[in-house]
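See below for the structure under consideration.
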2 protein chains.
Amino acid sequence: MSKSTIYQIAEQVGVSPSTVSRALSGNGYCGKRTKMKIIEAAKALNYAPDQAAKMLKTRKTNKIIFAVPDICNPFYFDMINGINQVAEEYGYLLILIYTKHQLSEELKAIQNVKERVADGMIMVSFHFCEENIKAINELSSPVVLTNQFDSPGGGDRFDYVYVDTYAGTKQGTEHLIQQGIERIGFIGGSLSEQTGMQRYAGYRDALLEGGVPYADELVKESDYTEAGGYEVAKRLLSQPDRPQAIVAANDLMAIGVMHACEEAGLSVPLDMAIVGMDNLDISSRVYPKLTSVSLMQEEIGRQAAMILMYRLHGKAMERSAIKIVPSLVVRQSSIWRTGDTK
Amino acid sequence: MSKSTIYQIAEQVGVSPSTVSRALSGNGYCGKRTKMKIIEAAKALNYAPDQAAKMLKTRKTNKIIFAVPDICNPFYFDMINGINQVAEEYGYLLILIYTKHQLSEELKAIQNVKERVADGMIMVSFHFCEENIKAINELSSPVVLTNQFDSPGGGDRFDYVYVDTYAGTKQGTEHLIQQGIERIGFIGGSLSEQTGMQRYAGYRDALLEGGVPYADELVKESDYTEAGGYEVAKRLLSQPDRPQAIVAANDLMAIGVMHACEEAGLSVPLDMAIVGMDNLDISSRVYPKLTSVSLMQEEIGRQAAMILMYRLHGKAMERSAIKIVPSLVVRQSSIWRTGDTK
DNA sequence: GTAAAATGTGAAATCGATTGCAGAACGGAA
DNA sequence: TTCCGTTCTGCAATCGATTTCACATTTTAC
């Protein structure tokens, strides 16, 4: 009942193992009658090819690794999904490695590629440093990196996919400006981090380009949590000349803002229009539904996987740094004037 | 710079490949001086053991497969997380296979185990039938099955982990009864499915045992979606003697109920207490926060992985069917009388 | 009908590690 | 010194498939 090998099939049918291999894999010539007999015998013997042996000989694993910092973060699920779509299409299995934001774990993931556990890897990392860049550059297998910042640099040996968060907050802010709102607040993450800075810059530039006055007191830093957004929003709302709209650097903070409004008796969106970013699952479930900038996670995953597939199939390509443009998903929370709630 | 083998190291150092293997893997004797030289040479040659070769010889892959119907469903992320915790602890990598609720994909996943892509598998399936049970029983590698129903039966060759959803709705209902609420409605999924029936039965039995009258008009079937819950709730709310509380068979429907209440001008929880089930991420973010029965996804994953590890390490065990008891997470939406909103 | 091309098959090498066996070198005890 | 036990090392087989080469057989072409 249990496993068997091509040798046993060969013996059974009375041919050589090589013939069995050819019959079963379809590589090379094989007579029709022999082939039939071999296939039958394989079925009878409950044969299944041993992938380890196959891998050893062919130097292909048909697996790719996705190294992700944080499995618990819903942000990455969509990425996994995007990657998996492509992987499946090309006949690859997906190995998930959870790096916990730790360099040591990232290096372990890289080591796995080096040991040929998989043919290639997609990695999300927030700390590119000499050590992991060097390790990646030494690999002979392709690696695609992604995160929400812009290019890590130093990588002549890997491709890169990233989201333009600057364009994201800019879009969100423009959407508000187009409705004629003039006092627009911003709640960001830390401005000392690159990603926080970019989101802020998008907001600021949208104001400038839109000819809307920029006011320092309408900009607050927070920590990307719901509670953080709530606290900061309370301060914004109690200001003498409170904003009419708020752009939050992520959805969790935006939801915090919504709660603060509710508590202050302000109607969203009529008294206060709100735009978030990340387009979480939750965001379409809160009331009113939250307008949010989608960071296109699934698209990132798909693009990254695509590039990896191109590399794996030897297509010649420049090293690429693909910038994904986020897209604004308009829902009730930001519809201030026009009545077309969708 | 690229890959090298133990043969190259052997040549470099002037010993035999077997010695190199022993030095590097630590199996068997190896002189201290030789070992040092070998390790040095390995480093110099940028050596990494080829896992395919190792797998072929040792018959171990150090990988497990998790076959899951639906990557997009947040329900499974926590399971993945639980599984991964255990897998990592034991030095296994996790391969994710997305079966899309299709039997054919499940069979492919099983085939992967048969071909020794991984040492074992955890699978979530909603349609156990002769075909996949048979395929699993023919495997020589261990498989652990899980879903939300009770035992599939027919499996002398696999272990089983499941959640007692009956106990879940029962707990939720009892929680309401204990607060003195008497007219408690129930919104379930299809009662013709096992899982729907069990959730309903838990509700019904809680009423019976709590001495609270059961009324047919307070029980509605829906489809586990937010929109479905909303629709059905509207009907419940417009009844002459509307319920004071509602138990929903999952959180999405419960959120639909909340929206219906909001629309009808009913305060949650004062006019209407609500309990959901699944304890989604969202549920703690809606307003008011939703009381929900946690189905312990992470715990299921952890338990399933544990059992798999035991099997893989040859520990003798009875075939097990582990029942996980869900736990009620009380939040504002169900606090009717006492003032201790937490 | 014969040459040329296409097809079918087997022997043997190969992928890169692990491991059982046997012999060598070493140590300490008598 | 002799003997025994431990430690070290090499040889060679093995895991299970793929693939090159050579040869045998068939088919096609003219």
Any donor-acceptor pair under 3.5 Å joining the side chain of B:Ser18 to the base of D:dC11?
->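 Counting by modelled atom types and ignoring angles, a donor-acceptor contact under 3.5 Å is found here.
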
Is any side-chain N or O of B:Arg22 under 3.5 Å from a base N or O of D:dG10, one able to act as donor and the other as acceptor?
->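 Checked by distance alone, the answer is yes.
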
With respect to the phosphate group of [N], does any side-chain polar atom (N or O) of [X] fall under 4.0 Å of OP1 or OP2?
| X | N | answer |
| --- | --- | --- |
| A:Tyr29 | C:dT7 | yes |
| B:Arg59 | D:dT14 | no |
| B:Thr34 | D:dT9 | yes |
| B:Ser16 | D:dG10 | yes |
| B:Asn27 | C:dT18 | no |

[X] [atom1] to [N] [atom2], straight-line distance once rounded to whole Å:
| X | N | atom1 | atom2 | result |
| --- | --- | --- | --- | --- |
| A:Lys35 | C:dG8 | NZ | C1' | 12 Å |
| A:Ile6 | D:dT14 | CD1 | C1' | 15 Å |
| B:Gln8 | C:dC15 | CD | C1' | 13 Å |
| A:Lys32 | D:dT27 | NZ | P | 13 Å |
| A:Arg116 | C:dG16 | CZ | P | 8 Å |
| B:Arg33 | C:dA25 | CZ | C1' | 16 Å |
| A:Leu56 | C:dT14 | CG | C1' | 9 Å |
| B:Ile9 | D:dT9 | CD1 | P | 15 Å |

With respect to the side chain of [X], which nucleotide from [options] is positioned closest?
| X | options | result |
| --- | --- | --- |
| A:Lys57 | C:dA17, D:dG10, D:dT19 | D:dT19 |
| B:Thr5 | C:dA17, C:dT18, D:dT18 | C:dA17 |
| B:Ser21 | D:dA17, C:dT9, C:dT18 | C:dT18 |
| A:Lys54 | C:dG8, D:dA17, D:dT19 | D:dA17 |

Just call it for A:Val20: base, sugar-phosphate, or nothing, with non-hydrogen atoms closer than 4.0 Å on any strand.
-> nothing

Could you tell me whether A:Ala48 contacts a base, only the sugar-phosphate backbone, or nothing, with contacts defined as non-hydrogen atoms closer than 4.0 Å?
->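 Sugar-phosphate, backbone atoms only, no base.
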
Ion pair B:Lys60/B:Asp119, N-O distance below 4.0 Å =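 Salt bridge between B:Lys60 and B:Asp119, a charged N being under 4.0 Å from a carboxylate O: yes.
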
Electrostatic pair B:Glu105-B:Lys108, nearest N-O below 4.0 angstrom | yes

Note: for A:Tyr7 and A:Gly14 on DNA chain C, the residue whose nearest nucleotide lies more 5' is A:Gly14

Positive for side chain to side chain contact (heavy atoms under 4.5 Å, CB included) with B:Phe66, one of B:Val124, B:Ile97, B:Val144, B:Ile95 = B:Val124

Option from B:Ile136, B:Ile122, B:Asp159 for which side chain to side chain contact (heavy atoms under 4.5 Å, CB included) with B:Leu145 holds | B:Ile136

Determine, step by step, whether B:Tyr160 and B:Phe158 satisfy the ring-ring contact (aromatic ring centres under 6.0 Å, His included) criterion, reporting the C-alpha distance in whole Å, the side-chain angles of both residues, the deciding distance to 0.1 Å, and the verdict.
-> CA-CA 7 Å; B:Tyr160 191 74; B:Phe158 55 78; 7.3 Å; no

Would you call the rings of A:Tyr92 and A:His313 parallel, tilted or perpendicular if under 30° counts as parallel and over 60° as perpendicular?
->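 It falls in the perpendicular class, over 60°.
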
